[in-house]
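Sequential numbering from 1 along the given sequence is applied to the chain's residues.
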Amino acid sequence: MDIREAAAAYESATQYFLNLARGVTPELLDVHHENGWSARQVIHHMADSEAQSYARLRRLVAEPEGSVIQGYDEGAWAECDKLGYKDGPVENSIAVFAAVRAGSLDVIKRLEEADLAKSGEHSESGKFTIEKWLVGYTKHPVDHGDQLVRATKGQE
C-alpha cells in the first residue's frame with residue numbers, strides 16, 4: 001500500500017462526507033426510512049465513531065504491539081437520549097468529525113509502509129493492523145455518506 005495514495009484516499013473520503021453533511025438542510029435532518037437512521041443520527045454517529053478511530057490509530061502507532069483496541073456499542077450510543085442522536089444539533093458533530101479526521105490524516109502522512117503491519121487486539125474482531133484501520137476508516141465515511149443521501153430521501 002502506498003502511504004501517499006492511502007492518505008489522499010482518506011482525505012477524499014473525509015471531504016466527501018463533510019460536503020454531504022454540511023449540505024443537509026434543517027428540514028431534511030430528521031427524514032428517514034421507518035427502520036433507518038436519519039441524517040442527524042448518521043452525522044452524530046460519524047463524530048463518535050471517528051473520535052474512537054482517532055484514539056485507536058494513536059494506540060496502534062504509539063503503544064506496544066498487541067495493545068487492546070476497544071470496541072463500543074454504536075447502537076447503544078445511538079439510542080442514548082443524552083448523546084443527542086435524535087434531536088441534538090449537528091454543528092458540533094460535524095466539527096468533531098472534521099477535526100479528528102484532520103488529526104488522523106497528519107499521523108497517516110507520517111507513516112511508513114512498514115508501520116502498516118503493526119497491530120493491536122480489537123476487543124470484538126481480534127488482530128487489528130494499522131493497514132486494516134486505514135482501509136476501514138477510508139471506506140467508513142463513504143459508506144455513511146451514501147447512507148446520509150439515502151436517509152434524506154427517506155430510502156434508508
Fill in: Trace of the side-chain contact (heavy atoms from CB on, under 4.5 Å) decision for Arg56 with His122
CA-CA 9 Å; Arg56 289 172 179 170; His122 193 286; 3.8 Å; yes
Worksheet item: Within a strict 4.5 Å, meaning less than it, do heavy atoms of the Arg58 and Val107 side chains meet?
Response: yes
Worksheet item: Is a donor on one side and an acceptor on the other found under 3.5 Å between the side chain of Arg101 and the backbone of Tyr10?
Response: yes
Discussion item. Using only atom types and a distance under 3.5 Å, with no angle test, would you say the side chain of Arg40 pairs donor to acceptor with the backbone of Val90?
Written reply: no
Worksheet item: Would you say Thr14 and Tyr137 make side-chain contact, with heavy atoms under 4.5 Å?
Response: no
Worksheet item: Do the side chains of Leu18 and Leu28 join up, straight or via other hydrophobic residues, at under 4.5 Å, putting them in one cluster?
Response: yes
Fill in: Nearest heavy atoms of Ile69 and Gly120, plus distance in Å
CG1-CA, 4.2 Å
Discussion item. Just verifying a value: how many Å separate Asp30 CG and Thr152 OG1, rounded to the nearest 0.5 Å?
Written reply: 12.0 Å
Discussion item. Using a 3.5 Å distance criterion without hydrogens, assess whether the side chain of Trp133 forms a donor-acceptor pair with backbone atoms of Ser53.
Written reply: yes
Worksheet, complete the sentence: Taken to the nearest 0.5 Å, the spacing of Leu105 CG from Leu57 CG works out to 10.5 Å
Worksheet item: Got a second to check how far Ile94's CD1 is from Leu20's CG, nearest 0.5 Å?
Response: 10.5 Å
Item to complete: Starting at CZ of Phe17, measure out to CZ of Arg22 and round the result to the nearest 0.5 Å.
Response: 10.5 Å
Item to complete: Check for a donor-acceptor pair, side chain of His144 on one end and backbone N or O of Met46 on the other, with a separation under 3.5 Å.
Response: no
Worksheet item: With sequence neighbours excluded, what pairs up with Ser67 under the side-chain contact (heavy atoms from CB on, under 4.5 Å) test?
Response: Glu63, Pro64
Worksheet entry | Any pair counted as salt bridge (charged side-chain N to carboxylate O under 4.0 Å, His left out), so long as it reaches residues 122-137, sequence neighbours left out | none
Worksheet entry | Minimum-distance pair of heavy atoms, taken over all atoms of Ser93 and Ala47 | O-CB, 3.4 Å
Worksheet item: Do Val61 and Ile108 sit in the same hydrophobic cluster, where Ile, Leu, Val, Met, Phe, Trp and Tyr count as joined when their side-chain heavy atoms come under 4.5 Å apart?
Response: yes
Worksheet entry | salt bridge (Lys or Arg N to Asp or Glu O under 4.0 Å) partners for Lys86, two or more places apart | Glu79
Worksheet item: Would a hydrophobic clustering, with Ile, Leu, Val, Met, Phe, Trp and Tyr connected at side-chain separations under 4.5 Å, put Val96 with Leu83?
Response: no
Item to complete: Just jot down the side-chain contact (heavy atoms from CB on, under 4.5 Å) partners of Glu91, sequence neighbours excluded, or say none.
Response: Pro89
Discussion item. Please check this pair: side chain of Gln41 against backbone of Ser38, looking for a donor-acceptor N/O pair closer than 3.5 Å.
Written reply: yes
Fill in: Closest heavy-atom pair and its distance - Ser49, His140
OG-CE1, 3.0 Å
Discussion item. Show me the pairs that pass side chain to side chain donor-acceptor pair (under 3.5 Å) and involve residues 102-121, at least two apart or across chains.
Written reply: Glu65-Ser119
Practice prompt. Enter the distance from Thr129:OG1 to Leu60:CG here, rounded to the nearest 0.5 Å.
Written response: 8.0 Å
Item to complete: Using the rule that two of Ile, Leu, Val, Met, Phe, Trp, Tyr join whenever any of their side-chain heavy atoms come within less than 4.5 Å, decide whether Val100 and Leu148 are in one cluster.
Response: no
Worksheet item: Got a sec, which residues hit salt bridge (Lys or Arg N to Asp or Glu O under 4.0 Å) with Lys139, two or more places apart in sequence or on another chain?
Response: Asp143
Fill in: Parallel, tilted or perpendicular: rings of Tyr85 and Trp37 (30°, 60°)
perpendicular
Fill in: Least distance between heavy atoms, Leu134 atom then Leu116 atom
CD2-CD2, 4.3 Å
Practice prompt. Carefully, step by step, assess Tyr16 and Asp146 under the rule side-chain contact (heavy atoms from CB on, under 4.5 Å).
Written response: CA-CA 10 Å; Tyr16 175 72; Asp146 294 347; 2.4 Å; yes
Worksheet entry | Spatial distance of atom CZ (Arg59) from atom CZ (Phe128) [nearest 0.5 Å] | 12.5 Å
